[in-house]
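Take a look at the structure below.
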Amino acid sequence: MDHKHGSSMASNSSGSDRQRVAQQRLRIIAGHLQRPVDVDSTIRAAECKAQGTETHVEEKTVPKRRQEIMKWNGWGYSDTKFLFNKKGQAEFTGKRYKLSGMIIPALKEWMEGTFGTNMQHKSPATPILTSGAVQPPTLNEAFVEELTSTGIPFSLDAEDRVFRAHGHCLHEIFALREGKVGRVPDLVVWPNCHNDVVKIVELACKHGVCLIPYGGGTSVSSGLECPPEETRSIVSLDTSQMNRILWIDEKNLTAHMEAGIVGQDLERLLNESGYCTGHEPDSMEFSSLGGWVATRASGMKKNIYGNIEDLVVHVRMVTPQGVIEKSCQGPRMSIGPDIHHFILGSEGTLGVVTEVTMKIRPVPEYQKYGSVVFPSFEQGVACLREVAKQRCAPASIRLMDNEQFKFGHALKPQVSSMFTSFLDGLKTFYITKFKGFEPNSLCVATLLFEGGREKVLQHEKQVYDIAAKFGGLAAGEDNGQRGYMLTFVIAYLRDLGMDYYVIGESFETSVPWDRVLDICRNVKARITRECKDKGVQFAPLSSCRVTQTYDAGACVYFYFAFNYRGLSDPVHVYDEVEHAAREEILANGGSLSHHHGVGKLRKEWMREAVSNVGMGMLKSVKDYVDPNNIFGNRNLL
Amino acid sequence: MTNTCRDSGRAGPDNEEEFVDILKEKRCSSDLCHALRDFTPGPYKGGPTCTAADLPKAVLESQYFRYVVEEIATETGSSLEEVREEACVILEEMSQNLQLGFIRLLAYVLTKVLKRLFTGVHVNMEGLDALRKAVGEGPVILLPNHRSYVDFLVISYILFTYDIPLPVIAAGLPLAGMKMFGEIFRRSGAFYIRRAIGSDKLYWAVLSEYVRTIVKKGYAPLEFYVEGLRSRTLKSLIPKLGMMHMVLEPYFKGEVYDIKLVPISISYDRVLEESLLAHELLGVPKPKESTAGLLKASKVLQNNYGSMHVNFGRPMSVRQLCRGKINRCQYNLAPRDLPQKPSADTQACVSSLAHLMVRIQEEGSLISPWSLMACLLLQAPTAVLTEQGLPWHRLTEKTLWLRKLALDFGARLNWPGQVPDPDVMSSAVALHHSIVRREAGRVYLVQEEERETERPINPEEDVIKTAVAVLMMAAYRNQSLHIFVRPALLATAIHVAKTAQRDELFAFFCFLRDVFSNEFVFIPGKSSQDFEEACVLLRKCGAVRISGQEVTVSDAGLEVLSFLQALLQPFIDSYQVMFRYLCEDGVHVFAEKQLLPAVRNLATKLILSGELHTYEALSSDTQKNVVSALRRLEALTKLKASEQNEYRVNKAAVRRIDDMFCGKIPPRMLQTTPDAKL
């Protein structure tokens, strides 16, 4: 084992530049954090202690009692949220993000204009969970007894259990805000290492207990929902305490981690050693490595680093049949179907991913944001397609449609000086008046370049040259950077919306290039139409963006939100519209999911998506690996 | 009418008040001013569109087109360049070149012509408003019926008048050949399609890509005749599917969010070409469309043709119409640009939509008093009409009775309310002086003036002469057939099958519907709905009582039932003449060319001998429909090797159909499954 965290790694970085960059990144990411105090970090299984002697437990983000730093009924940290202050201005609280503590003057007007919201009409959440709302745990006495004897920490506390009964689907959060709680796990257990997991799974099999693995809790596929029909005792297996980097192999550029580590910790710790994985899903503050593997996650910078399946070198998973893993770390193998692909995307139905070896890269020397404004979405898509064709996509390239462009504008913080505001005015004038861009059709692409300084600048020129061919105008680094920063704060915005009768969500797909425009238009139109048909009073926000490019297609994200005043069952309306939108996606050649996964939310389309035989294959694997359905979250199949 | 169309959307308003005579104000204002009016249609919000010049370019640059060119080059051994050049020629021949200036010219001329011909051109404003809205939102297809050359540019004229974007119109290529006018029409938005495309792959490719591009780009509303051509009989025609398929494909493939179909019903009190059509049906060939012909037709300008009604149906969403009928995922696994054979569900969906459009056109059309009178006149023996005449009072009484029945059946009548009924009927007869004349309280059939009166008329010529008048009258009857046809099938079933059992009647109804499905427009797969409609209507007018499985005729119902049955009788008789000819000894294989004159001879003989009572058996239209029906029922098979459409007859099958017609085979022996093949 190689425990080389901290400053010892710095000596490996090639020069001060890298170190500077690493530290800058460290500041950015660490800036989001508040170091939580782990209340009962002392409880730990003996072997695990021996293994994890000098890990910096106190640096980790996620305590066992998550509710101490995170909202129990909304997104993210408790200290961070959008609100309208006494002056009626929108404000982002806390200190974690760049936007924290700032006034966002245009947000109110945007909300009123887009959703017809009114500051007088509030729909606040139930402030605290009443203990009566939670059913007392159904316990399997024998299991609990044996679990206690292993010394692995666990809890029967209602708050702990409720926290692990949901992901972040709209219906889940909406119910919590109303103080409604359905079936929740009966017990939460925190294994500290692989061997703890082996023990827990053995006990679960022995006593007939249902296990639901829980990583970061950021699922948006109803993947964490406890099946209401489950009669066995449900145990939530929270991997958050298995969060160590076990070794870094600098010769092969791989790192071996416990699967419970969350994205921001992983990057921060690797950065300290001068490395990164480059895997940055939008949820990376909270989502865990094991969760990425189990759902086939995709990171924003996949163009350089690859998606999770490209990054994983070795996986260890504990199943009811035992532990599955490969015998070596060869970079590619021809040994029959890749067993990693039974694990990747298994969504907790086969076992618990406990340890993963991943590729790592030196922290890039140079990073540069950028943005391009296009006169129309059509031209923007054509540009992205060309960039993909020439295989010169930057680390990240995202194209927002006009609605999102406006939304992004509404989230601009109050400008500090007259000069900035003057400049902004000038820019707007230049683009709309001088260049003749129609404010209601222009759209913007945000870019992120990474690598050696020279190469980045060269690359940047290549991309801007292509953009120019499609009528694109460079629109500055700030716009680009703000675009990516918003990725992290946008999730908080839904909670604000829900305070004012607005509900919404995003969903994604992947689609061949020639269908990108068609699917965007049709799905957006379908959403608008369905809302109208279902009695939504105010036209919804129906917007999309292209977030990833591939050789043969792209990933498209849809955002959909509406004002639900006057609807008796808004969540039902929401579900119906999302369902219709998914049907439209499928009818337009889009996939069931690009990276959110299937969970229980999209199960009904699985058979159609993979054919009867495909379904049979997956079932037979499940039947062999987990004949008694110990991993009974009922996702996927 | 309560029927299948209603739930999916019905055309226009229900009463005549909402129609506006667009000629009214033009009668007292300058035609030139109208032609030069400001034309400011609203913007298109369906996405970026293109100019007329971009269209051919978009076609030639399309991936689909490139595939086909390569394919053809490989097959024929010619170079890509040659094939592409050939395509350019086709495209040039086809392309429209819509220019506002020509629409203005047209507006000027049409105002003059329409004012001369018609007492009024009535348009439903509500339909126009709905159309205006739809045109701004996405691709719109205008689907008028086609009963006269006059209506070719009438839609464009109306849209010009009301600031709605002008359509491009699919027209038959012969029209392009007319001196001067061909080009004028082209510049008024016509694009030309060859009549017989057959298996010309390149032509199909160019045409379909051209049409799809117009739809995809939302270039302009696209207008075409879903019936394919002008109906010679004024009866709706079975829709053609090729164009419909091209138009719908962009929706199936997700290239547009939706397409709106706008069925348009144009109804005439009197059709300009009435006599020409009757001659054509009797085998006098139609003159080629020529400028000289059109100018000669200026003679017709001296005549009065009553009024014209243009009823714009409610725009119907293809997305909604196709719900559950088509799986759009079928296009996921191959490039959408690749030429693909349409799947069975696609074909069925296109066919069902096309039929539905014709049905809505029928429902939207206005029935004139004269059409009702024609129904009744044709039920009198022809000899009575030509010689003794029909007492006027009996005709008027019966017409009023029929008016009530038609209203019961949900017809839209064009019966002026503010004029006394007798005057309405008198003026209808006066308008149709070319067919009937009223003398001394009796109504007579008008026969063509003989040029050489001294020459003794041979009996065959006499038959033709009478037939011209009868067929003209039949055409006007046909305008209202769609109202009566379903109950008429049931009335015939009750009469022939002689049963009160609902399921047996249904079986016989289906048999008749099946045999006649080239004659009348039925939506495929909707036989039980049609039967249901027939039952409801007959019960509503008190003709039958329905209790459980029994359908019994009421005493009061006899008049209705015998009227309906008599309405259908000419068709049954005509079909039987054809069956009789086909079953004659000796004939086994015949060419279509020989068949028509031979059947006409037989029919003439039978008429002269008094064995056949209807002159309609002489109509080539009916004969062609029988051939199509028998081919569909597999009693006739086309010989593959034959160049000149030769058929082989299965006499046993024909005889069986004939026997069923006569009620010789009990209905329980018929298959009861809907739309069953015999």
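Each chain gets a letter, A, B and so on, in the order its sequence line appears, and its residues count up from 1. Values reported hereafter were calculated over all heavy atoms of this structure, with side chains retained and with hydrogens, waters and symmetry mates removed.
Considering only residues two or more places apart in sequence or on other chains, H409(A) meets the ring-ring contact (aromatic ring centres under 6.0 Å, His included) condition with F405(A).
Shown here for C329(B) and A587(A), the closest heavy-atom pair between the two residues is SG-CA, 3.9 Å.
The number of heavy atoms from other shown groups lying within 6.0 Å of NE2 (H572(A)) does not exceed 12.
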Under 3.5 Å, what donor-acceptor pairs does chain A form with chain B?
residue	atom	partner	partner atom	Å
D514(A)	O	R336(B)	NH2	2.7
D514(A)	OD2	R336(B)	NH2	3.3
R515(A)	NH2	Y331(B)	O	3.1
D518(A)	OD2	R336(B)	NH1	2.8
D518(A)	OD2	R336(B)	NH2	3.1
R521(A)	NH2	G254(B)	O	3.3
R521(A)	NH2	E255(B)	O	2.6
N522(A)	OD1	Y257(B)	N	3.4
N522(A)	ND2	G254(B)	O	2.9
E584(A)	OE1	R319(B)	NH1	2.7
E584(A)	OE1	R319(B)	NH2	3.3
E584(A)	OE1	R328(B)	NH2	3.0
E584(A)	OE2	R319(B)	NH2	2.7
E584(A)	OE2	R328(B)	NH1	3.2
E584(A)	OE2	R328(B)	NH2	3.4
L586(A)	O	N332(B)	ND2	3.3
G589(A)	N	N332(B)	OD1	3.3

